[in-house]
Novice: 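Structure incoming, see below.
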Amino acid sequence: THRWGSVNVFVVRVYRFRLYPTKAQTAALTQTLDLLRFLYNAALEERREAWRKQRVSISRADQDRELTELRAACPEYKALHSQLLQDVTARLDRAFKAFFRRVAAGETPGYPRFKPRDRYTTLTFKQAGVTGAFIVAVGKRLRLSGIGNVRMKAHREMEGTLKTIGVTVDGD
């Protein structure tokens, strides 16, 4: 944060580092992404069916409340960090907001779509450094909840406070 006169200016920096997961960590990341993708598609289906059958709009808050029940009922989702699950509903909500914004603007709307495996490749921890994901061993490892300490190549110093960590699968 910089302060110029009476205006606060927030600088957002994005650092992109390569991760080197082990085979077990790769399998855990793949399984986590599969569970999150399945949840995204199920949440989208729930919204579509609620509107189609009853003309009821389901909000993000409604779906966030259901996450607690999901974690209690399904042990595979209980093992995932809550921020990952909340990010799924946030993504879906952003997709619907963008859809309705485009409808209102008279643009080609593009209704939110179901995600195949190759279109859901990122998991996001919103409170990085506080819960879920940390940088450990002086920038040499990234600790991800449910995955472990993943080797990381930090090729430059990070400045500022770490807020969000997103892990994206690129290529293989």
Novice: Specify the closest pair of heavy atoms between T122 and T124, including all atoms of both residues, with the distance to one decimal.
Specialist: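 Smallest heavy-atom distance, with atoms named: CG2-OG1, 3.8 Å.
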Novice: Do V56 and F100 belong together in a cluster built from hydrophobic side chains that touch within less than 4.5 Å?
Specialist: no
Novice: Are L123 and Y20 connected into the same hydrophobic cluster when the rule is that any two of I, L, V, M, F, W, Y join if their side-chain heavy atoms are below 4.5 Å apart?
Specialist: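 No.
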Novice: In this structure, are over 12 heavy atoms from other groups packed under 6.0 Å from R156 atom CZ?
Specialist: yes
Novice: Can you sort out the partners of R119 under side-chain hydrogen bond (donor to acceptor under 3.5 Å, both in side chains), two or more places apart, ordered by chain and number?
Specialist: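 Residues passing side-chain hydrogen bond (donor to acceptor under 3.5 Å, both in side chains) with R119: none at all.
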Novice: Roughly how far, to the nearest 0.5 Å, is the NZ atom of K126 from the CD atom of Q86?
Specialist: 10.5 Å
Novice: Which is it for Q63 and L92 under the side chain to side chain contact (heavy atoms under 4.5 Å, CB included) test, yes or no, and what are the steps along the way?
Specialist: CA-CA 10 Å; Q63 290 186 319; L92 183 59; 3.8 Å; yes
Novice: Once rounded to the nearest 0.5 Å, what's the spacing between atom CG of L67 and atom CG of L85?
Specialist: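 It is 5.5 Å, given to the nearest 0.5 Å.
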Novice: Provide the full list of salt bridge (charged side-chain N to carboxylate O under 4.0 Å, His left out) pairs with a residue in residues 87-104, sequence neighbours left out, each pair given once.
Specialist: R47-D93, D87-R91, D93-K97
Novice: Could you pull out the closest heavy-atom pair between T26 and P21, with the gap in Å?
Specialist: OG1-CG, 3.5 Å
Novice: For R151 and K140: C-alpha separation, side-chain torsions, deciding distance, then whether side chain to side chain contact (heavy atoms under 4.5 Å, CB included) applies.
Specialist: CA-CA 6 Å; R151 199 164 54 96; K140 294 185 180 186; over 6 Å; no
Novice: Heavy atoms only: give me the nearest S57-W51 pair and the separation to one decimal.
Specialist: N-CE3, 4.2 Å
Novice: Which residues pass the salt bridge (charged side-chain N to carboxylate O under 4.0 Å, His left out) test with D62, sequence neighbours left out?
Specialist: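 Only R65 meet the salt bridge (charged side-chain N to carboxylate O under 4.0 Å, His left out) criterion with D62.
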Novice: Side chains of residues 71-78: which donor-acceptor partners sit under 3.5 Å, not counting sequence neighbours?
Specialist:
{"from": "R71", "atom 1": "NH2", "to": "K78", "atom 2": "O", "distance (Å)": "2.9"}
{"from": "R71", "atom 1": "NH2", "to": "L80", "atom 2": "O", "distance (Å)": "3.0"}
{"from": "Y77", "atom 1": "OH", "to": "L35", "atom 2": "O", "distance (Å)": "2.9"}

Novice: Go through R16 and D170 one step at a time and tell me if the side chain to side chain contact (heavy atoms under 4.5 Å, CB included) criterion holds.
Specialist: CA-CA 12 Å; R16 190 172 168 117; D170 274 344; 2.2 Å; yes
Novice: Side chain to side chain contact (heavy atoms under 4.5 Å, CB included) between N149 and L142: does it pass, once the steps are laid out?
Specialist: CA-CA 5 Å; N149 291 340; L142 177 64; over 6 Å; no
Novice: Going from CG on L33 to CZ on R117, what distance comes out if it is rounded to the nearest 0.5 angstrom?
Specialist: 9.0 Å
Novice: Does anything in residues 141-162 form a ring-ring contact (aromatic ring centres under 6.0 Å, His included)? List the pairs, not counting sequence neighbours.
Specialist: F17-H155
Novice: Would you say the ring centroid of Y40 lies under 6.0 angstrom from that of F114?
Specialist: no
Novice: Any idea which heavy atoms bring R60 and T89 closest together, and the distance?
Specialist: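 Result for this residue pair: NE-OG1, 3.8 Å.
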Novice: Is the count of non-hydrogen atoms from other residues, nucleotides or ligands lying under 6.0 Å from F96 atom CZ greater than 12?
Specialist: yes
Novice: Counting neighbours of CD on E107 that are heavy atoms of other residues, nucleotides or ligands and sit closer than 6.0 Å, is the number greater than 12?
Specialist: yes
Novice: As an exercise, state the distance from CD of Q31 to CG of L36, rounded to the nearest 0.5 Å.
Specialist: 10.5 Å
Novice: Return the NZ to CZ distance between K153 and R18, rounded to the nearest 0.5 Å.
Specialist: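 Output value for this atom pair is 11.5 Å.
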Novice: Taking the side chain as every heavy atom from C-beta outward, state whether E66 and L70 have any atom pair closer than 4.5 Å.
Specialist: no
Novice: Within the supplied structure, the quantity of interest is the number of heavy atoms (other residues, nucleotides, ligands) at a distance under 6.0 Å from R143 CZ; does it exceed 12?
Specialist: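 12 or below, so no.
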Novice: Would you give the length of the straight line joining atom NZ of K115 to atom CG of L39, rounded to the nearest 0.5 angstrom?
Specialist: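 K115 atom NZ to L39 atom CG measures 14.0 Å (nearest 0.5 Å).
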Novice: Could you give all pairs that pass the side chain to side chain donor-acceptor pair (under 3.5 Å) test and reach residues 158-167, with sequence neighbours left out?
Specialist: R13-E159
Novice: So which atom in P109 and which in F99 form the shortest heavy-atom distance, rounded to 0.1 Å?
Specialist: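 Nearest heavy atoms, P109 then F99: CB-CE1, 3.3 Å.
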